[in-house]
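Here's the structure we're looking at; comments come further down.
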Amino acid sequence: MKTYDANDIRNVLLVGHGGAGKTTLLEAMVFASGASTRMGRVEDGNTVSDFEPEEVKKGISVSLGMAPVEWEGVKINVLDAPGYADFIGDVRSAIRAVDAVLLVVSAVDGVEVQTEVAWEAAVEAGLPRAILINKLDRERASFERTLEDLVRAFGNQVAPLELPLGAEHDFTGVADLLTKKAYRYDAGPMAEEGEWPDDIAGKAAPFREKLMEAVAESDDALIEKYLEEGELSETEVLHGVKEGFARATIAPVLCGAASRPIGVDRVLQFIADEFPAPTERSSITVLSKSGEEQERSCTPERPLTALVFKTVSDPYVGHITLFRVFSGIFRPDSGQFNATKGIEERVGQLFTLRGKEHESVAAVSAGDIGAVAKLGHTTTGDTFSTKDAPVTLPPMPMPEPLLAFAIEPKTKGDEDKLSIALARLREEDPTLRIERSDETHQTVMYGMGEAHLDVMMERMKRKFGVEVTHEPAKIAYRETFKKPGKGLGRHVKQTGGHGQFAVCNIEVEPLPRGQGFEYVDKIFGGAVPNQFIGSVEKGIVKAMAQGVVSGNPMVDIRCTLVDGKFHAVDSSDMAFQLAGSLALKEAAAQAGVVLLEPIVELDVVVPESYTGDIMGDLNAKRAKIGGMESAGPAKQRVKALVPQAEVARYSIDLRSMTGGRGAFTMKFSHYEELPSHLADKIIAEAQKAKDEAHKR
Ligand SMILES: Nc1nc2c(ncn2[C@@H]2O[C@H](COP(=O)(O)OP(=O)(O)O)[C@@H](O)[C@H]2O)c(=O)[nH]1
Ligand SMILES: [Mg+2]
């Protein structure tokens with residue numbers, strides 16, 4: 001592929017709710033540009049962007065896709081982000097690689113949850129936003145209703161540039177509100193330009209007015225003129241749209257049906273004409289090693305600054321690293337310095353990704369997006385810069401994964417393969433977290449939701465040949481004493497051969513939370529010889545680690561050795577260890593064991609209208625509500641202390657309660673006693689599992 005001047009490059013991210021038509025739009029763009037001779041369909045699994053087997057199977061995008069589209073000498077790098085909440089990590093990182101976003105909205109469904117989430121992410125990043133009202137050919141599609149929806153959600157900056165010609169099955173083209181030309185699609189993706197139909201002028205008037213208002217409102221100089229004269233000239237509006245769009249104060253709206261395709265050539269033309277080139281973007285801020293801020297503008301002459309926004313691991317090619325160059329030139333066949341890791345990487349052939357295909361490029365210059373395979377150390381979020389003056393870009397904010405699955409390889413002996421696979425998946429996807437719990441002895445995989453974890457497990461099987469089973473991650477309960485108890489441990493076997501003899505008496509008392517374990521020796525007169533006093537302790541500690549009733553470790557007790565008996569020949573370290581553990585078990589049986597459960601601090605942010613539901617649900621989950629406060633416009637924050645067991649699946653619960661509009665974080669707080677009826681259940685289950693293990 002040839003190299004382009006930065007002025008002739010556009011970097012665009014398609015965002016929006018799942019199913020709005022982003023992947024189909026990219027497909028139509030490739031088709032309209034003449035790079036393919038027929039359009040693939042998401043349903044048929046043959047689109048440029050959705051090529052991963054997990055995507056073909058599910059019929060939805062689960063990871064970022066991209067393809068360059070060449071349009072009238074301009075190279076448009078189109079990034080297609082998945083629209084489902086579980087895969088928001090890809091949206092967050094891709095936003096850093098582009099200069100504007102195109103929000104795709106279904107004319108049937110209007111503004112949906114992920115439409116708003118994606119919009120907010122783009123606003124946070126300060127990126128210009130344009131909108132395509134898609135699926136206008138579908139039954140029950142409505143341009144007017146969708147536009148109203150958009151204005152309600154995003155305000156007066158929403159500015160229609162086009163009007164659909166015909167509706168639903170009769171949707172045949174678009175009318176340009178500015179030039180008053182009609183664009184019809186009879187065959188193929190290219191429009192035929194014609195005059196406005198007679199009946200459209202009246203219909204268009206209110207929308208033209210809406211457009212002029214939006215332009216006037218975004219520019220102080222124009223608002224006066226508009227208020228006085230009630231009209232702006234075509235050039236003023238055109239200019240105003242471009243300016244306002246670049247400043248992100250106007251969101252221009254286009255019309256289309258990606259699958260037909262209708263209006264797609266116009267979208268491409270609009271991107272080529274009006275979307276900001278990388279050179280038009282204000283310079284970016286980087287941090288030097290000493291923490292000093294520096295500016296980098298988009299010119300090939302400046303030192304290199306490039307951001308890795310995505311890594312894909314491939315079992316055959318190794319890593320594929322996707323990067324955006326902000327300044328300088330990324331060259332192949334040389335070493336490039338990864339400033340984040342402080343390591344020089346050997347860089348081979350550079351290429352552009354067109355779906356799954358690789359197209360070689362000579363170099364990737366400021367403003368462009370490129371890819372390289374087989375880097376050894378680089379992961380998502382890293383910055384490449386010069387070695388003598390290393391700088392890094394600020395890290396990408398990533399949502400915290402909070403749904404936990406405990407996983408285990410189906411085949412024994414695959415443990416090593418599993419840990420390699422997990423490490424690779426983690427490098428690909430910063431919203432995946434892996435923990436090995438010493439307490440429950442489980443490998444726990446944290447993800448954004450069930451679909452995310454499903455895809456991870458499928459990918460693990462396909463790419464690394466590791467099949468796993470999963471179950472909810474175990475809760476790390478603990479055992480302790482609530483009141484003091486006494487225990488006699490007697491381990492005596494003196495029939496035949498070498499005998500065994502050890503007897504000990506211990507007293508056990510509870511300690512405050514977090515005190516762990518104390519051992520006190522109160523032996524008088526050598527009832528237990530010195531060398532065996534430590535043996536009793538060892539036995540107690542071993543029994544504590546395994547737990548007495550539930551298989552969870554025992555904590556927060558003091559054991560005092562008060563008396564015992566020994567035999568000059570038959571006593572041994574081993575015998576006293578056994579006696580110690582028996583003594584603890586007896587004391588536990590006498591005093592009764594209570595279970596402790598982990599309590600987490602939960603911080604939930606939801607739109608106001610959901611606060612009641614959230615509180616009700618938390619109360620049913622044994623939560624202690626800590627407080628409620630405003631969290632921005634029409635949003636409320638609820639803080640609570642909740643047993644971890646009750647909120648292990650809160651990702652799923654909160655999403656279903658709020659339709660995906662809520663967010664939360666949680667972190668461990670402390671341990672508290674579990675109510676006895678719940679403890680009994682856990683103890684009974686542990687016993688059952690133990691009995692079954694014995695039978696086998
Ligand atoms: N009728 C109609 N169907 C469309 C249009 N665009 C997309 N679709 C269909 O809508 C479904 C979801 O499209 P897809 O591109 O996967 O949406 P994405 O999740 O935003 O990438 C697919 O079945 C598409 O064929 C359109 O303009 N008109
Ligand atoms: Mg898609």
Side-chain angles (χ1 to χ4, degrees), residues 437-441 474 476-494 498-598 671-674 676 679 682-683 686-687 689-690 693-694:
S437 164
D438 291 334
E439 205 149 307
T440 61
H441 306 288
K474 277 191 197 141
Y477 293 106
R478 286 170 181 183
E479 298 182 354
T480 194
F481 277 57
K482 201 176 175 184
K483 54 179 203 260
K486 288 181 183 174
L488 164 72
R490 189 169 187 279
H491 180 69
V492 177
K493 271 193 189 137
Q494 290 181 299
H498 195 307
Q500 297 177 45
F501 190 101
V503 177
C504 66
N505 295 72
I506 64 168
E507 291 176 8
V508 184
E509 53 197 313
L511 289 176
R513 286 296 80 79
Q515 296 288 315
F517 173 62
E518 272 177 35
Y519 183 62
V520 182
D521 161 28
K522 280 201 182 156
I523 291 293
F524 284 103
V528 175
N530 264 340
Q531 78 258 38
F532 297 135
I533 287 173
S535 308
V536 173
E537 179 181 5
K538 250 197 228 165
I540 293 174
V541 168
K542 273 190 192 162
M544 283 176 71
Q546 285 164 8
V548 177
V549 293
S550 69
N552 294 286
M554 181 170 280
V555 295
D556 301 343
I557 54 169
R558 176 189 292 135
C559 294
T560 309
L561 178 61
V562 290
D563 202 0
K565 288 197 185 91
F566 76 104
H567 184 276
V569 178
D570 290 349
S571 282
S572 66
D573 172 51
M574 195 47 81
F576 268 102
Q577 283 197 34
L578 278 165
S581 86
L582 288 172
L584 178 73
K585 282 176 192 162
E586 201 189 287
Q590 189 207 55
V593 171
V594 293
L595 291 192
L596 302 175
E597 64 173 338
Y671 271 90
E672 259 177 39
E673 192 182 325
L674 183 66
S676 62
I682 289 161
I683 292 169
Q687 287 301 336
K690 208 170 163 187
H694 264 295

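Atoms considered below: every heavy atom in the structure, side chains included; atoms not considered: hydrogens, waters and symmetry mates.
The shortest distance between side-chain heavy atoms of Y519 and V541 does not fall below 4.5 Å. Taking 4.5 Å as the limit, every side-chain heavy atom of P510 sits out of range of all side-chain heavy atoms of K482. Residues D570 and H498 meet the side-chain proximity criterion, which asks for heavy atoms closer than 4.5 Å. Under the 4.5 Å side-chain criterion, counting only non-hydrogen atoms from C-beta, K565 is in contact with F501. With a 4.5 Å cut-off on side-chain heavy atoms, S550 and Y477 do not count as touching. Side chains of F576 and K538 form no contact here, defined as non-hydrogen atoms less than 4.5 Å apart. You'll find the side chain of L584 reaches within 4.5 Å of the side chain of I557, heavy atoms only. Looking only at side-chain heavy atoms (C-beta outward), I533 and E537 stay at 4.5 Å or farther from each other.
Between the CD atom of E673 and the CD atom of E597 there is a distance of 9.5 Å, given to the nearest 0.5 Å. Between L578 atom CG and K493 atom NZ the span is 8.5 Å, to the nearest 0.5 Å. The CG atom of L674 sits 10.0 Å away from atom CG of N552, with the distance rounded to the nearest 0.5 Å. Between L582 atom CG and H491 atom NE2 the span is 8.0 Å, to the nearest 0.5 Å. In this structure, E509 CD and T560 OG1 are separated by 5.5 Å, a value rounded to the nearest 0.5 Å. Residue M544 holds its CE atom at 6.5 Å from SG of C559, rounded to the nearest 0.5 Å.
P598 and A476 get closest at one heavy-atom pair: CD-O, 3.7 Å. The shortest heavy-atom contact between Q500 and Q494 is O-CG, 4.0 Å. Counting all heavy atoms, side chain and backbone alike, F532 lies closest to S571 at CE1-CB, 3.8 Å. Minimum interatomic distance between D563 and A527 (heavy atoms only, all atoms of both residues): OD1-CB, 3.4 Å. The two residues A686 and V549 make their nearest non-hydrogen contact at CB-O, 4.1 Å. Here the closest non-hydrogen pair linking G564 and I523 is N-CD1, 4.4 Å.
For R490, the CZ atom counts as loosely surrounded, since its 6.0 Å shell holds 12 or fewer non-hydrogen atoms of other residues, nucleotides or ligands.
Remark: the backbone N or O of V593 is not paired with any side-chain donor or acceptor of E479 at under 3.5 angstrom. Remark: side-chain polar atoms of T480 are paired, donor with acceptor, to backbone N or O of V555 under 3.5 angstrom. Distance alone, capped at 3.5 Å, places no donor-acceptor pair between the N505 side chain and the L488 backbone. Under the 3.5 Å distance criterion, the side-chain polar atoms of Q590 are matched with a main-chain donor or acceptor of K486. A donor-acceptor contact shorter than 3.5 Å links the side chain of D556 to the backbone of G514.
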